**Student:** 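Here it is: the structure, laid out below.
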2 protein chains.
Amino acid sequence: MTIKDIAQLAGVSISTVSKVLNNKLYVAPQTRRHVQDVIKRYNYQANSTARNLAQSKTHDIAYLDKFIRNIPFENPHMFNILLGAENKLQNKNYRISLVNLASKKTVNQILEAQLAIKQFDGILINSACMNPKIEKIILRYDLPAVCIGKLEFDSMLSWIDTNHRHSVAKAVNFLKHKGYHALCFMGGMLGDKISDERIQGFKQALLQYNDNKSSQIIYNKPNVQSIYSCTMQLMQSRKKPDAIVCNNSLIAYAVITCLNDLKLTMPNDVAVLTFDDYPYSQLIVPTPSVIEIDLYELGKQAASMLIHKIKNPAQLLQTYTTLPQIIERGTT
Amino acid sequence: MTIKDIAQLAGVSISTVSKVLNNKLYVAPQTRRHVQDVIKRYNYQANSTARNLAQSKTHDIAYLDKFIRNIPFENPHMFNILLGAENKLQNKNYRISLVNLASKKTVNQILEAQLAIKQFDGILINSACMNPKIEKIILRYDLPAVCIGKLEFDSMLSWIDTNHRHSVAKAVNFLKHKGYHALCFMGGMLGDKISDERIQGFKQALLQYNDNKSSQIIYNKPNVQSIYSCTMQLMQSRKKPDAIVCNNSLIAYAVITCLNDLKLTMPNDVAVLTFDDYPYSQLIVPTPSVIEIDLYELGKQAASMLIHKIKNPAQLLQTYTTLPQIIERGTT
DNA sequence: TTGAAAGCGCTACCAT
DNA sequence: ATGGTAGCGCTTTCAA
């Protein structure tokens with residue numbers, strides 16, 4: 001069943017059917033209705049490949065990331081971003097195709113993608129996979145692109161990211177306003193970009209409270225044993241904090257377990273606030289309050305941004321976004 | 001840059017270029033080389049939309065599932081399957097596109113997908129989303145399809161699933177051979193398909209050991225508190241088991257925590273084996289031994305099956321697959 | 001208000 | 001061994 005068949009069945013020309021299909025150009029109302037009837041009756045759907053060829057569009061967006069085995073367990077966030085993007089794109093009638101940058105052909109991983117790239121209207125790419133080489137390729141193809149996550153090098157590509165400094169500042173304000181004085185940022189990881197940003201933000205935020213010695217930052221490997229013993233020491237030291245901000249929920253698990261063992265009650269003796277709610281929080285008693293960063297929303301915004309770029313290719317957009325929210329539960 | 005340009009630049013006809021491009025039909029070796037040079041020099045890539053139209057193929061596979069916000073945290077397994085499929089398909093030069101069955105248009109969710117369906121060479125669908133209605137649509141479109149997960153209704157569609165009965169049987173054999181007598185399956189959930197299958201398998205396996213009273217099955221809500229107290233009771237009852245098979249890692253967490261609190265050592269006093277390794281296992285001391293079901297592999301196999309179906313549309317394949325593996329760690 | 005026809009870029013058959 | 005050309009199914013311009 002092609003457009004030709006419908007034209008014949010409706011007793012009109014192919015172009016008339018096309019006009020009806022696209023809601024474009026003038027067609028007499030009655031003709032339009034008639035053609036629509038026929039289309040509906042035969043349950044006709046235009047072949048999108050032909051359509052794409054004629055319009056030189058694909059309505060297909062490439063989503064580039066490193067999709068390796070078991071990564072969904074280590075980093076479910078990644079997929080929440082993906083799903084957010086999917087959600088927005090399907091609303092706008094785009095489809096999302098996965099392009100795996102973790103394939104064997106390490107060097108030509110991208111060249112492999114190129115082959116694909118041709119057929120995409122735009123690309124979304126995890127900034128963790130980006131480098132200047134890939135940037136060049138994208139620019140050469142002159143393809144609308146949005147990187148998810150701040151780009152660490154000067155780039156002509158658009159990107160979007162959550163504002164980690166802002167999130168942690170929000171946490172600090174929240175705790176200070178609640179009357180906590182001695183804060184502790186627990187579980188910083190040297191060299192980890194997100195952790196670094198958060199620590200910068202933590203320091204900055206403290207300045208506003210003239211807090212330059214009652215609060216502290218603790219760097220530590222994010223594993224349960226090490227955080228546990230670290231917390232144990234901390235709570236017995238003279239610089240005992242009254243509020244702890246954890247870099248992720250695994251760390252929160254260790255901290256809260258330790259506080260429980262020390263018979264300290266939350267939030268009375270000490271408050272705990274954590275980033276990255278899942279997946280450990282259901283094991284934790286009391287359930288930790290959390291600074292939620294809506295990565296699904298980030299995905300949606302990245303997709304919106306891409307759609308915007310597709311329509312306005314010239315614009316360079318580099319922006320922070322996503323307002324974090326503090327969800328109070330048992331520990332604040 | 002089109003095939004026409006390349007033809008001109010190479011001083012040959014379009015069809016010759018096409019032949020070179022497709023490695024098909026005869027072209028004189030020297031001509032071939034020459035054309036290839038030109039292609040390489042200009043970095044030419046054939047427009048795949050045009051190609052698809054001419055061959056009425058898309059090299060695009062639809063992956064249908066319910067992609068809802070935060071599901072990556074609740075069910076990372078789902079994405080491991082997806083990635084397995086992606087891995088296999090990219091090797092075979094197919095691309096994978098996401099089709100979300102959780103969109104608003106609940107009834108027409110599929111009709112929405114239809115629009116897409118036309119442009120796919122095949123579809124992979126999570127059986128959890130399947131019903132006879134959807135089956136009809138797929139059959140009507142006569143599209144090669146593979147369902148991931150056993151279909152609960154009689155169907156003309158192909159499916160593939162892990163053999164849950166077999167997995168649990170493997171666990172039972174393993175424990176029995178190690179000399180354990182009184183096994184306990186912990187955390188059965190009434191009405192849950194997978195749990196039901198496992199329990200059937202558990203019972204069957206026990207028959208072979210004439211074990212009809214020393215072992216037992218405990219149904220319980222899979223939350224930490226409830227499993228914990230349940231285990232506490234169990235270990236103080238007269239039907240105290242010497243080996244516990246847990247339905248998932250959250251349950252294992254609760255069980256092992258309880259055993260630790262009871263000062264029972266593993267595996268000496270009691271062995272513990274669990275399904276669904278991630279994501280809690282890193283919190284557990286000792287680390288639980290696990291019956292690993294490789295869902296990434298399942299995804300790969302589903303993809304292989306689909307590729308097979310694309311080439312042999314007539315065949316109906318309905319099969320169990322995936323050999324579970326027991327990974328010994330601290331608790332057996 | 002409608003229709004004819006020229007593309008879109010490629011494949012594959014048929015001639016030569 | 002190569003090339004001409006009729007499609008693939010649709011869009012869009014232009015003429016009527």
Side-chain angles (χ1 to χ4, degrees), chain A residues 1-39 42-60 93 95 114-121 141 143, chain B residues 1-39 42-60 93 95 114-121 141 143:
Chain A
M1 175 118 301
T2 73
I3 198 174
K4 204 172 158 190
D5 301 319
I6 297 294
Q8 260 157 8
L9 289 163
V12 298
S13 76
I14 288 179
S15 41
T16 303
V17 177
S18 175
K19 284 164 195 163
V20 171
L21 240 32
N22 293 285
N23 267 322
K24 241 184 182 178
L25 303 179
Y26 189 84
V27 177
Q30 62 227 38
T31 314
R32 172 175 301 274
R33 259 194 307 277
H34 175 228
V35 173
Q36 278 167 339
D37 281 353
V38 177
I39 288 176
Y42 291 90
N43 209 352
Y44 164 73
Q45 300 275 89
N47 175 313
S48 58
T49 306
R51 226 170 181 172
N52 292 340
L53 180 59
Q55 308 183 126
S56 43
K57 280 183 194 166
T58 63
H59 285 277
D60 213 343
N93 268 308
R95 229 181 319 100
Q114 277 182 29
L115 203 150
I117 268 174
K118 272 272 179 112
Q119 13 185 358
F120 293 116
D121 284 356
Y141 276 91
L143 216 67
Chain B
M1 175 115 303
T2 73
I3 197 173
K4 204 173 159 190
D5 300 319
I6 297 295
Q8 259 156 8
L9 288 163
V12 299
S13 76
I14 289 180
S15 40
T16 302
V17 178
S18 176
K19 283 165 196 161
V20 172
L21 241 31
N22 293 286
N23 268 321
K24 241 183 179 177
L25 303 179
Y26 190 83
V27 177
Q30 62 226 38
T31 314
R32 172 174 302 275
R33 258 193 308 278
H34 175 227
V35 173
Q36 278 166 340
D37 282 353
V38 177
I39 289 176
Y42 291 90
N43 209 350
Y44 164 75
Q45 300 275 88
N47 175 313
S48 57
T49 307
R51 225 168 180 174
N52 291 340
L53 181 60
Q55 309 184 125
S56 44
K57 279 183 193 167
T58 64
H59 284 277
D60 212 344
N93 268 309
R95 229 181 319 99
Q114 276 183 30
L115 203 152
I117 269 175
K118 272 270 178 111
Q119 10 185 2
F120 293 118
D121 284 355
Y141 277 90
L143 216 67

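Keep in mind the model is a prediction, meaning the values are calculated, not measured. Proteins come first, then strands; the chains are lettered A, B, ... in the order of their sequence lines, and each starts at number 1. Both backbone and side-chain heavy atoms feed into the values below; hydrogens, waters and symmetry mates do not.
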**Student:** Can you find a pair of side-chain heavy atoms, one from B/Met1 and one from B/Leu9, that are under 4.5 Å apart?
**Tutor:** yes
**Student:** Can you see if the side chain of B/Ser13 gets near the phosphate of D/dT2 - specifically, an N or O under 4.0 Å from OP1 or OP2?
**Tutor:** no
**Student:** Would you call A/Val20 and A/Val12 a side-chain contact if the rule is heavy atoms closer than 4.5 Å?
**Tutor:** no
**Student:** Please report how far the helix from C/dT1-D/dA16 to C/dT16-D/dA1 bends, comparing the axis fitted to its first five pairs with the axis fitted to its last five, to the nearest 10 degrees.
**Tutor:**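 One end's axis against the other's: 40°.
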**Student:** Which pairs count as side chain to side chain donor-acceptor pair (under 3.5 Å) when at least one residue sits in residues 15-27 of chain B, sequence neighbours excluded?
**Tutor:**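 Every pair satisfying side chain to side chain donor-acceptor pair (under 3.5 Å) with a residue in residues 15-27 of chain B: B/Ser13-B/Ser15, B/Ser13-B/Thr16, B/Ser18-B/Asn22, B/Asn22-B/Arg51, B/Asn23-B/Arg32.
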**Student:** For nucleotides 14-16 of chain C, print each protein N/O atom paired with a nucleotide N/O atom at under 3.5 Å, atom names and distance only.
**Tutor:**
none

**Student:** Return the minimal non-hydrogen interatomic distance between A/Ala10 and A/Val38, and the atom names on each side.
**Tutor:**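 Taking A/Ala10 first and A/Val38 second, the nearest heavy atoms are CB-CG2, 3.9 Å.
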**Student:** Base, sugar-phosphate, or nothing: which does A/Val12 touch, judged by heavy atoms less than 4.0 Å apart?
**Tutor:**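 Sugar-phosphate: the residue A/Val12, judged by heavy atoms under 4.0 Å, touches backbone atoms but no base.
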**Student:** Using nucleotides 8-10 of chain D, report all nitrogen or oxygen pairs with the protein that are shorter than 3.5 Å.
**Tutor:**
unit_1, atom_1, unit_2, atom_2, d
D/dC8, O2, B/Ala54, N, 3.4
D/dG9, N2, A/Ala50, O, 3.3
D/dC10, OP1, A/Tyr44, OH, 2.4
D/dC10, OP1, A/Asn47, N, 2.9
D/dC10, OP2, A/Ile3, N, 2.4
D/dC10, OP2, A/Tyr44, OH, 3.4

**Student:** Of all of residues 26-35 of chain A, which get a heavy atom below 4.0 angstrom from DNA chain C, listed by number?
**Tutor:** A/Tyr26, A/Val27, A/Ala28, A/Thr31
**Student:** Do B/Thr2 and B/Asp5 make a side-chain contact, defined as non-hydrogen atoms from C-beta onward lying under 4.5 Å apart?
**Tutor:**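 Side chain of B/Thr2 against side chain of B/Asp5, heavy atoms only: contact under 4.5 Å found.
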**Student:** I'd like to check the side-chain contact (heavy atoms from CB on, under 4.5 Å) partners of A/Leu53; sequence neighbours left out, ordered by chain and number.
**Tutor:** B/Thr49, B/Ala50, B/Leu53
**Student:** Do B/Asn52 and B/Asp60 have side chains that get closer than 4.5 Å, going by heavy atoms?
**Tutor:** no
**Student:** So which atom in B/Leu143 and which in B/Phe120 form the shortest heavy-atom distance, rounded to 0.1 Å?
**Tutor:** CD1-O, 3.7 Å
**Student:** Figure out the NZ/P separation between B/Lys24 and C/dC10, and round it to whole Å.
**Tutor:**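 Computing the B/Lys24:NZ to C/dC10:P distance gives 15 Å.
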**Student:** Under the 3.5 angstrom rule, does the side chain of B/Asp121 hit a backbone N or O of B/Thr58 as a donor-acceptor pair?
**Tutor:** yes
**Student:** Between the base of D/dG4 and the side chain of B/Ser15, is there a donor and acceptor pair under 3.5 angstrom?
**Tutor:**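 Such a pair is found, so the answer is yes.
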